[in-house]
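See below for the structure under consideration.
All values derive from a computational prediction rather than experimental measurement.
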Amino acid sequence: MTSDKAQAFVAFDRVQKSYDGEILVVKDLNLHIARGEFLTMLGPSGSGKTTCLMMLAGFETATHGDITLDGKPINNIPPHKRGIGMVFQNYALFPHMTVGENLSFPLEVRGMGKSAREEKIKRALDMVQMGDFINRRPAQLSGGQQQRIALARALVFEPELVLMDEPLGALDKQLRETLQFEITNLAHELGITTVYVTHDQTEALTMSDRVAVFDDGRIQQLAAPDTLYEEPENSFVAQFIGENNTLQGTVSKLNGDMCEVTLEDGSVIDALPVNVGAVGEKTQVSIRPERVEMDPTRLTEGAHTLKAEVLEFVYMGDIYRTRLRVAGIDDFIIKTRNAPDQRRLAPGESIEIGWRPQDCRALDA
């Protein structure tokens with residue numbers, strides 16, 4: 001799903017944010033989100049993603065630029081008048097109120113009558129499978145149950161836009177995965193536009209229509225999850241999204257849709273010239289662990305092969321993770337599925353590995 005300014009439901013146009021008047025934590029942000037889209041802002045701590053979310057919510061003010069919601073500027077509209085649902089990592093439930101009272105609060109603020117409130121509360125609790133907990137207080141609920149209630153409270157007044165800031169950060173892995181799918185399905189069923197902030201790559205890839213990868217106050221790449229993983233545009237995205245092998249080298253030839261790279265140990269390989277300069281410039285070549293073959297005979301003609309030394313062979317259940325010394329580096333990883341024909345490798349063993357040139361991306365150094 002793509003979104004341009006004309007059809008954008010949420011739009012950031014040349015937005016900047018500085019807290020001290022000197023250092024920009026958000027730099028010239030241009031981002032357009034379509035109605036009904038699930039967009040995730042992903043990045044390390046301090047990359048600017050949460051600040052963007054807080055400006056959209058109204059808890060922070062943009063230093064420069066415009067933020068619009070459904071075509072209307074919202075820079076000067078206070079948070080409670082923006083009609084946006086919010087879900088936080090710490091749940092932010094009122095401890096002295098029951099579940100029903102927590103959900104009733106945003107409806108009372110909007111002047112809704114008692115019978116209409118009761119109907120909407122029941123519907124919201126049923127959505128998150130928490131209808132039986134209406135009279136409990138937050139302290140009587142588990143972390144996962146509290147997060148479901150926080151989600152129900154964000155949805156109860158039927159907002160068109162919901163913002164979520166690391167909502168699953170405090171939960172265990174299994175519960176996180178369950179709620180990831182529930183939140184995504186609910187958002188799409190209800191047609192809600194969702195802006196989700198996380199530093200968890202897996203969460204971003206499994207939940208989103210598109211992901212905006214932030215670093216240093218800028219979007220480094222904005223794309224669908226599969227594009228982001230398979231076709232990173234720069235070294236930061238390649239390293240930040242999933243596991244990645246990098247080989248340092250120099251561009252020795254540019255020939256149309258491929259380039260030749262001489263690695264630091266003298267080996268020569270071909271790669272897609274994604275983000276490279278001229279011949280003679282340094283580059284960082286990126287190859288995903290699952291794209292590397294331990295049996296080069298499986299590869300088609302034109303594939304690269306390199307000698308490698310096994311340093312570590314680890315059983316991980318569904319996969320084997322092998323760490324190798326390749327072209328002078330000691331952290332080259334291969335992932336192979338747990339299959340009956342997988343040969344167990346021993347540290348110190350010499351093997352030959354290979355990959356297709358089109359799976360190898362030459363990026364900025």
Derivation of the side-chain contact (heavy atoms from CB on, under 4.5 Å) call for L161 and V10: CA-CA 9 Å; L161 174 65; V10 175; 4.0 Å; yes

Quick one: does [X]'s side chain get under 4.5 Å of [Y]'s, heavy atoms only?
X    : Y    : result
M54  : D165 : yes
L190 : L186 : yes
T283 : D364 : no
Q284 : Q248 : yes
R136 : T98  : no
V261 : D270 : no
D215 : P44  : yes
F214 : I219 : yes

Polar side-chain atom of [X] near backbone of [Y] as donor-acceptor pair, under 3.5 Å:
X    : Y    : answer
Q201 : G242 : yes
R325 : L311 : no
R82  : I74  : yes
K17  : V25  : no
T68  : G71  : no
T227 : A223 : no

Would you name the heavy atoms of [X] and [Y] that are closest together and state the gap between them?
X    : Y    : answer
G85  : P159 : N-CB, 3.8 Å
T262 : S252 : OG1-OG, 3.0 Å
A8   : H32  : CB-CB, 3.7 Å
V276 : P273 : CG2-CB, 3.6 Å
P138 : N102 : CG-ND2, 4.0 Å
L93  : Q146 : CD1-O, 3.7 Å

Between the side chains of [Y] and [X], is the shortest nitrogen-to-carboxylate-oxygen separation below 4.0 Å, so that they form an ion pair?
X    : Y    : answer
E160 : R35  : yes
R288 : E230 : no
E349 : R343 : yes
D216 : K27  : yes
K122 : E118 : no
E177 : K173 : yes
E182 : R148 : yes
D359 : R356 : yes

Interatomic distance, C52 atom SG to E60 atom CD [nearest 0.5 angstrom]: 11.0 Å

Spacing of CG belonging to L345 relative to OG belonging to S350, to within rounding of 0.5 Å: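 Reported value, rounded in 0.5 Å steps: 11.0 Å.
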
Verdict with reasoning, D330 to R323, per side-chain contact (heavy atoms from CB on, under 4.5 Å): CA-CA 7 Å; D330 286 355; R323 185 167 65 89; 4.3 Å; yes

Donor-acceptor side-chain pairing of [X] and [Y] below 3.5 angstrom:
X    : Y    : answer
Q220 : E233 : no
T193 : E37  : no
T206 : Q180 : yes
S104 : R117 : yes
E203 : Y196 : yes
N234 : N275 : no
Q16  : T63  : no
S18  : D20  : yes
N244 : S286 : yes
T198 : D200 : no
H64  : D28  : no

Transitive ILVMFWY cluster of V314, excluding itself - 4.5 Å side-chain cut-off: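 Answer for V314: M316, I319.
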
Linked, directly or transitively: [X] and [Y] (ILVMFWY side chains, under 4.5 Å):
X    : Y    : value
L228 : F38  : no
I333 : Y229 : no
F12  : I77  : yes
V251 : I287 : no
L247 : L272 : no

Chi angles and distances behind the side-chain contact (heavy atoms from CB on, under 4.5 Å) call for M164, L151: CA-CA 9 Å; M164 303 193 187; L151 179 60; 3.6 Å; yes

All ring pair (Phe, Tyr, Trp, His ring centres under 6.0 Å) counterparts of F240, not counting sequence neighbours: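 Only F236 meet the ring pair (Phe, Tyr, Trp, His ring centres under 6.0 Å) criterion with F240.
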
Results of ring pair (Phe, Tyr, Trp, His ring centres under 6.0 Å) for Y315 - residues two or more places apart only: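 Once residues adjacent in sequence are excluded, the partners of Y315 under the ring pair (Phe, Tyr, Trp, His ring centres under 6.0 Å) criterion are Y320.
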
Can you confirm whether [X] is buried at [atom1], in the sense that more than 12 heavy atoms of other residues, nucleotides or ligands lie under 6.0 Å from that atom?
X    : atom1 : answer
E119 : CD    : no
F181 : CZ    : no
D226 : CG    : yes

Stacked cation flag R110 on F157, 6.0 angstrom / 45 deg: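 Yes, cation above the ring, under 6.0 Å and within 45°.
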
Pi-cation contact, F313 with R344 (under 6.0 Å, within 45°):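 Output no; distance or angle outside limits.
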
Test salt bridge (charged side-chain N to carboxylate O under 4.0 Å, His left out) applied to E108 and K114, step by step: CA-CA 9 Å; E108 288 172 36; K114 188 168 185 283; over 6 Å; no

Pair Q342-T336, side chain to side chain donor-acceptor pair (under 3.5 Å): steps then yes or no: CA-CA 8 Å; Q342 173 62 55; T336 47; 3.1 Å; yes

Test side-chain contact (heavy atoms from CB on, under 4.5 Å) applied to L31 and D13, step by step: CA-CA 7 Å; L31 175 62; D13 290 304; over 6 Å; no

